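Each remark here refers to the structure printed beneath this line.
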Amino acid sequence: MISIKHLSKTFRNPDGSTLTVLKDVNCDIEKGEVISIIGPSGTGKSTLLRAINMLEPPTGGEIWVDGENIMAKGYRLDKMRRKMGMVFQSFNLFDHMTVLENLTYAPVRLLKMTEEQAQAEGMELLKKVGLAQKADVFPASLSGGQKQRVAIARALAMHPEVILFDEPTSALDPTMVGEVLSVIRQLAGSGMTMLIVTHEMRFARDVSTRIFFMNEGVIYEDGSPEQIFEHPVRSATKAFVNRIQKLVYEIDSESFDYLQIRTGLSQFCLKYNISDKADKAYQLAKEMLFEHFRGIRPLTFRMTHAELSGQTALDFMVEGMTESPLPHNEAVEKLRTRVQDIVEEPTARGFRVKLLI
């Protein structure tokens with residue numbers, strides 16, 4: 001459906017210097033594939049999507065869509081863009097139009113639908129994204145997640161053959177991410193061809209048929225979700241997919257600010273979409289610091305979350321110890337029933353107790 005050959009993109013800065021974002025991108029995309037594009041920031045993921053849609057004209061190479069080179073002189077880009085919808089980070093809705101008018105504007109003017117047909121199809125699309133009751137309101141009254149769902153419906157209104165998603169959840173409050181990802185999952189199940197730039201690793205693994213890992217301006221590794229996430233070949237891919245987010249506190253005395261820690265735990269869980277674990281993390285940390293580890297100072301307390309596996313842990317590290325500081329009493333035995341596991345292990349610096357929650 002789409003074939004990309006030796007694609008490159010170089011930007012010229014105001015001072016005359018240049019920045020090459022895409023170096024030599026090559027890939028073939030088949031009809032019905034759902035491809036998630038992952039990788040560190042600044043490696044050309046969004047630029048690749050914008051280049052495919054010619055919003056950011058490439059410096060070199062070729063892009064073939066349905067057997068036609070869209071970079072050829074004289075090619076009518078409007079022909080390609082009718083086949084290719086795009087959903088941006090920042091929604092880009094028309095604020096002076098109602099939600100339904102946002103959906104009907106382009107089909108009436110570009111696809112020559114009647115107002116009645118466009119409105120009927122628009123309402124069906126709003127039902128699919130759960131927003132039929134918002135048809136007559138203006139975008140300003142919507143939440144970020146609702147705006148992004150409208151943006152997806154608007155892209156679908158043009159009957160595209162492929163949809164490009166440029167980090168569709170990056171501008172959202174973490175509490176709204178799930179509702180947008182749910183709509184994209186539905187589209188993936190319907191057979192829509194999609195390219196999705198995302199930082200949501202678990203989502204990418206679950207929804208994709210293929211993964212592009214981009215690094216240094218190229219597709220560094222290309223494979224199935226199982227290959228990329230479980231058996232990556234290249235070291236840069238391994239480092240990226242195994243990343244672990246962490247929150248760290250150094251506790252030096254009994255008079256530490258626990259309210260600050262409680263707020264930090266809540267914000268950490270919100271940021272990484274694990275708010276359901278926030279209260280449990282708070283209660284366990286409080287018990288450990290004020291009961292089981294009372295008087296053991298200094299210590300390092302960390303909360304960690306592995307984005308891919310979804311494993312969350314509370315980690316208590318005491319330097320200079322060779323045995324576990326965790327008392328083995330009835331209270332600790334009750335603690336074991338409330339967590340997935342308790343890991344007690346020596347380290348090069350001391351001893352670590354980890355609660356898996």
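Quick caveat, the model's predicted, so the values are computed rather than measured.
Looking only at distances, a side-chain donor or acceptor of Lys112 sits under 3.5 Å from a matching main-chain atom of Arg109. Panel note: side chain Asn53, backbone Leu49; no donor-acceptor pair is recorded below 3.5 Å. Remark: the backbone N or O of Ala204 is paired with a side-chain donor or acceptor of Ser208 at under 3.5 angstrom. The main-chain N or O of Arg12 is never found under 3.5 Å from a side-chain atom of Thr18 such that the two would form a donor-acceptor pair. Of the possible polar contacts, none joining the Glu167 side chain to the Ser46 backbone as a donor-acceptor pair under 3.5 Å is found. Between the Thr20 side chain and the Lys23 main chain, no donor and acceptor come within less than 3.5 Å of each other. With hydrogens and angles disregarded, no donor-acceptor distance shorter than 3.5 Å links the side chain of Thr43 to the backbone of Asn215. With hydrogens and angles disregarded, no donor-acceptor distance shorter than 3.5 Å links the side chain of Lys354 to the backbone of Ile342. Ser90 places no side-chain N or O within donor-acceptor distance of the main-chain N or O of Asn92, the cut-off being under 3.5 Å. Arg81 contributes a side-chain N or O that, together with a main-chain N or O of Met54, makes up a donor-acceptor pair within less than 3.5 Å.
Nearest heavy-atom pair, Ser324 versus Val353, reported as atom, atom and distance to 0.1 Å: OG-CG2, 3.8 Å. When all heavy atoms of Pro325 and Ile296 are compared, the closest pair comes out as CB-CD1, 3.6 Å. The shortest heavy-atom contact between Ala118 and Pro107 is CB-CB, 4.5 Å. For Lys9 against Pro58, the heavy-atom pair with the smallest separation is CD-CA, 4.1 Å. Of all heavy-atom pairs between Ala188 and Val34, the closest is CB-CG2, 4.0 Å. The two atoms that bring His96 and Phe138 nearest to each other are O-CE2, 3.4 Å, heavy atoms only.
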Applying salt bridge (charged side-chain N to carboxylate O under 4.0 Å, His left out) to Arg297 and Asp252, what does each step give before you reach the verdict? CA-CA 6 Å; Arg297 305 288 185 268; Asp252 298 322; over 6 Å; no
Does the pair Val150 and Leu131 meet the rule for a side chain to side chain contact (heavy atoms under 4.5 Å, CB included), with working shown? CA-CA 8 Å; Val150 172; Leu131 290 172; 3.7 Å; yes
Go through Phe11 and Glu56 one step at a time and tell me if the side chain to side chain contact (heavy atoms under 4.5 Å, CB included) criterion holds. CA-CA 10 Å; Phe11 292 94; Glu56 203 68 75; 3.6 Å; yes
Where do Ile251 and Ile261 land on the side chain to side chain contact (heavy atoms under 4.5 Å, CB included) test, with the steps shown first? CA-CA 10 Å; Ile251 300 175; Ile261 292 178; 4.1 Å; yes
Worked check of side chain to side chain contact (heavy atoms under 4.5 Å, CB included) between His292 and Val332: CA-CA 8 Å; His292 306 311; Val332 171; 3.8 Å; yes
Salt bridge (charged side-chain N to carboxylate O under 4.0 Å, His left out) between Glu333 and Arg336: does it pass, once the steps are laid out? CA-CA 5 Å; Glu333 291 309 309; Arg336 292 183 186 278; 3.5 Å; yes
What verdict does the side chain to side chain donor-acceptor pair (under 3.5 Å) test give for Thr237 and Glu221, after you've listed the backbone C-alpha separation in whole Å, the side-chain angles of each residue and the deciding distance to 0.1 Å? CA-CA 7 Å; Thr237 313; Glu221 195 162 346; 2.7 Å; yes
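In this structure, Phe293 has its ring center no closer than 6.0 Å to that of Phe301. Note: Phe229 and Phe213 fail the aromatic proximity criterion, with ring centroids not under 6.0 Å apart.
In this structure, Met192 is not a member of the same hydrophobic cluster as Met1, with clusters built from ILVMFWY side-chain heavy atoms closer than 4.5 Å. Cluster annotation: Ile52 is not connected to Ile184 through the hydrophobic network of ILVMFWY side chains, with a link wherever side-chain heavy atoms come within less than 4.5 Å. Residues Met194 and Leu164 fall into different hydrophobic clusters, defined by Ile, Leu, Val, Met, Phe, Trp and Tyr side chains chained together at heavy-atom separations under 4.5 Å. Under a hydrophobic clustering in which Ile, Leu, Val, Met, Phe, Trp and Tyr are joined whenever their side-chain heavy atoms come within less than 4.5 Å, directly or via other members, Leu314 and Tyr272 fall into the same cluster. Cluster annotation: Val248 and Val318 are assigned to distinct hydrophobic clusters (Ile/Leu/Val/Met/Phe/Trp/Tyr, side-chain heavy-atom contacts under 4.5 Å, transitive).
One side chain, Ser3 or Asp28, offers a donor N or O that lies under 3.5 Å from an acceptor on the other. Judged purely by distance below 3.5 Å, without hydrogens or angles, the side chains of Ser170 and Gln89 pair a donor atom with an acceptor atom.
When side chains are defined from C-beta on, Glu344 counts as touching Leu326, because their heavy atoms get closer than 4.5 Å. His159 places a side-chain heavy atom less than 4.5 Å from the side chain of Glu121. Looking at Asn26 and His6, their side chains come closer than 4.5 Å, going by heavy atoms from C-beta outward. Considering only heavy atoms from C-beta on, Met84 comes within 4.5 Å of Val65 through its side chain. Residues Tyr258 and Leu289 have side chains in contact (heavy-atom distance under 4.5 Å, counting atoms from C-beta outward). Taking the side chain as every heavy atom from C-beta outward, Gln283 and Lys280 never approach each other to under 4.5 Å. With a 4.5 Å cut-off on side-chain heavy atoms, Met214 and Leu48 count as touching. You'll find the side chain of Arg154 stays beyond 4.5 Å of the side chain of Leu125, heavy atoms only.
Figure legend: cation-pi geometry between Lys238 and Phe240 absent, as NZ or CZ is not positioned both under 6.0 Å from the six-membered ring centre and within 45° of its axis. Within the cation-pi definition used here (under 6.0 Å to the ring centroid, within 45° of the axis), Arg185 does not qualify as a partner of Phe203.
Ion pairing of Arg210 with Glu30 is absent here, as no side-chain N (NZ or NE/NH1/NH2) approaches a carboxylate O to less than 4.0 Å. Salt bridge status for Glu226 with Arg205: absent, with no side-chain N to carboxylate O gap under 4.0 Å. The pair Arg338-Glu287 counts as a salt bridge, with a side-chain nitrogen and a carboxylate oxygen less than 4.0 angstrom apart.
In this structure, CD1 on Ile196 lies 14.0 Å from NZ on Lys45, to the nearest 0.5 angstrom. A distance of 10.0 Å separates CE of Met317 from CD of Glu250, quoted to the nearest 0.5 Å. Between Leu77 atom CG and Met71 atom CE the span is 10.5 Å, to the nearest 0.5 Å. Here the CD1 atom belonging to Ile70 is positioned 14.5 Å from the CZ atom belonging to Arg76, to the nearest 0.5 angstrom. Note that CG of Leu195 and CD1 of Ile35 are 5.0 Å apart. Values are rounded to the nearest 0.5 Å. Within the model, atoms CG of Leu265 and NZ of Lys277 stand 13.5 Å from one another, a figure rounded to the nearest 0.5 Å.
Taking Ile, Leu, Val, Met, Phe, Trp and Tyr as members and joining any whose side-chain heavy atoms lie under 4.5 Å apart, directly or through other members, the hydrophobic cluster of Tyr105 also contains Phe94, Met97.
Evaluation of the side chain to side chain donor-acceptor pair (under 3.5 Å) rule for Arg262 yields Tyr282 as partners, not counting sequence neighbours.
Pairs passing the salt bridge (Lys or Arg N to Asp or Glu O under 4.0 Å) check and including a residue from residues 303-329, sequence neighbours excluded, read Arg243-Glu307, Arg302-Asp315, Asp315-Arg352, Glu319-Arg349.
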